[in-house]
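Note that this is a predicted model, so its numbers are computed, not measured.
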Amino acid sequence: MFGKIARASRNFVGLRSMVLGASRTAGSSGVMRWSGVRYFSQEKDGGSHPDFQPKVKESFESADEAEVLQKIDQWVKGNRVVLFMKGTPQMPNCGYSNFAVEVLKFYKIKDYKAVDILKDQRVREVTKKYSNWPTFPQLYVDGKLVGGSDIMSEMHKDGSLKKLFASVTEQQPSS
C-alpha cells in the first residue's frame, strides 16, 4: 500500500514540475524546496461566486459596551422571540440551553433568533448587564425577559408559558 502511495506522489511531483515549470532545489538542510510555483491566486475583484467568498463573522471583541448593548437591544426588539444560549439550536453546548430549545420546539416556536454567547465573550458579558440576569440561557418574548430554563420549566408546569406563546404561534406561518 505504501509503495503505491510513494509512486503516486513521485509521479505527481514530476507532473507538477513539468506542467508548472517549477524548479526543485535542495536547501542546506537537505529539504527539497520548490520555487517558481504559485499555489493560490486571489482575484482582486472578488471574481468568485458569493457562496464561495469568505464569510465575515460579526465580532464585538473590539467594540465598546455601548455598541454591543445597542446590537443586543436591536436583536431583542427586532424579533418576537430571542434565545441567548450556549451553542446553537442544532447543537446546544449545555443541558439548560438544550432544554430551552426543546421547550421552544414543544410549543412549535420556529421563528426565533438564537444567539450563541460562547462565540463572543463580549456579547456574553454585556448580555448579563443588559438583562440583569447572571445565567444562560435567557429567553426574551416580545422584548421582555422571561428568564432562564428554570423559569421556563415553572411556567410550563403552571400553564403560563402556553399563554405567553399563544400570540407568538398565532402569527407564525405554519409549515
Side-chain angles (χ1 to χ4, degrees), residues 1-2 5 39-175:
M1 178 71 176
F2 180 73
I5 293 171
Y39 293 103
F40 300 101
S41 68
Q42 223 169 12
E43 298 178 26
K44 297 201 187 316
D45 65 351
S48 68
H49 189 275
D51 288 347
F52 300 106
Q53 291 177 349
K55 303 283 187 246
V56 178
K57 294 182 179 173
E58 191 171 31
S59 175
F60 296 100
E61 291 297 324
S62 61
D64 67 348
E65 189 172 309
E67 289 176 299
V68 180
L69 275 170
Q70 181 181 3
K71 188 63 176 177
I72 292 169
D73 194 52
Q74 181 182 352
W75 287 331
V76 169
K77 293 180 178 170
N79 296 282
R80 300 276 328 264
V81 180
V82 181
L83 181 63
F84 290 92
M85 61 181 293
K86 295 179 182 178
T88 63
Q90 296 76 25
M91 186 166 289
N93 285 355
C94 98
Y96 298 112
S97 292
N98 186 48
F99 176 80
V101 169
E102 292 302 317
V103 166
L104 292 175
K105 284 181 188 175
F106 178 80
Y107 286 104
K108 297 180 179 32
I109 306 297
K110 297 174 185 158
D111 186 28
Y112 65 95
K113 169 83 174 161
V115 179
D116 182 0
I117 53 106
L118 296 178
K119 280 188 177 178
D120 198 321
Q121 184 64 27
R122 194 84 171 122
V123 171
R124 182 179 186 171
E125 293 167 4
V126 177
T127 302
K128 289 179 183 182
K129 291 179 182 178
Y130 179 83
S131 63
N132 198 22
W133 192 266
T135 60
F136 293 96
Q138 294 180 7
L139 177 69
Y140 288 82
V141 177
D142 292 328
K144 295 184 177 99
L145 175 67
V146 174
S149 58
D150 54 341
I151 304 295
M152 292 172 69
S153 177
E154 291 301 316
M155 290 178 73
H156 171 70
K157 289 176 188 173
D158 70 18
S160 58
L161 197 57
K162 183 177 182 177
K163 292 175 191 170
L164 180 65
F165 285 143
S167 66
V168 175
T169 53
E170 288 172 0
Q171 296 177 4
Q172 284 189 350
S174 59
S175 51

Which pairs with one or both residues in residues 130-139 pass salt bridge (Lys or Arg N to Asp or Glu O under 4.0 Å), sequence neighbours excluded?
none
Between atom [atom1] of [X] and atom [atom2] of [Y], what is the distance when rounded to the nearest 0.5 Å?
| X | Y | atom1 | atom2 | value |
| --- | --- | --- | --- | --- |
| Arg122 | Asp64 | CZ | CG | 7.0 Å |
| Leu104 | Asp111 | CG | CG | 11.5 Å |
| Leu139 | Ile109 | CG | CD1 | 9.0 Å |
| Phe99 | Asp150 | CZ | CG | 9.5 Å |
| Gln138 | Trp133 | CD | CH2 | 8.5 Å |
| Lys71 | Gln74 | NZ | CD | 4.0 Å |

Could you pull out the closest heavy-atom pair between Met85 and Val101, with the gap in Å?
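So the two residues come closest at CE-CG2, 3.5 Å.
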Non-hydrogen atoms of Leu83 and Pro137 that approach each other most closely:
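Answer, listing the atom of Leu83 first, then Pro137: CD1-CB, 3.8 Å.
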Mind checking whether Phe84 and Ile72 have side chains closer than 4.5 Å, heavy atoms only?
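Touching, per the 4.5 Å side-chain cut-off.
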For the residue pair Phe106 and Leu161, establish whether any side-chain heavy-atom pair is separated by less than 4.5 Å.
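No, every pair of side-chain atoms sits at 4.5 Å or beyond.
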[X]: partners by side chain to side chain donor-acceptor pair (under 3.5 Å), with sequence neighbours left out:
| X | answer |
| --- | --- |
| Lys162 | none |
| Ser160 | Asp158 |
| Thr127 | none |
| Gln70 | none |

Can you list everything that forms a side-chain contact (heavy atoms from CB on, under 4.5 Å) with Glu154? Sequence neighbours excluded, please.
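Counting only residues at least two positions away or on another chain, Glu154 forms a side-chain contact (heavy atoms from CB on, under 4.5 Å) with Lys157.
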Please lay out, stage by stage, how Gln121 and Arg124 fare under the test side chain to side chain contact (heavy atoms under 4.5 Å, CB included).
CA-CA 5 Å; Gln121 184 64 27; Arg124 182 179 186 171; 4.0 Å; yes
Side chains of residues 140-149: which donor-acceptor pairs under 3.5 Å do they make with residues two or more places apart or in other chains?
| unit_1 | atom_1 | unit_2 | atom_2 | d |
| --- | --- | --- | --- | --- |
| Asp142 | OD1 | Arg80 | NE | 2.6 |
| Asp142 | OD1 | Arg80 | NH2 | 3.2 |
| Asp142 | OD2 | Arg80 | NH2 | 3.2 |

Apply salt bridge (Lys or Arg N to Asp or Glu O under 4.0 Å) to Lys77 and list each qualifying residue two or more places apart in sequence or on a separate chain.
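Counting only residues at least two positions away or on another chain, Lys77 forms a salt bridge (Lys or Arg N to Asp or Glu O under 4.0 Å) with Asp73.
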Can you name the salt bridge (Lys or Arg N to Asp or Glu O under 4.0 Å) partners of Lys129, sequence neighbours left out?
Glu65
Only pairs under 3.5 Å count here: list side-chain donor-acceptor contacts from residues 88-97, not counting sequence neighbours, and write none if there are none.
| unit_1 | atom_1 | unit_2 | atom_2 | d |
| --- | --- | --- | --- | --- |
| Thr88 | OG1 | Met91 | N | 3.0 |
| Ser97 | OG | Lys86 | N | 3.0 |

In chain order, what residues pass the ring pair (Phe, Tyr, Trp, His ring centres under 6.0 Å) check against Tyr107, with sequence neighbours excluded?
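Listed in chain order: His156, Phe165.
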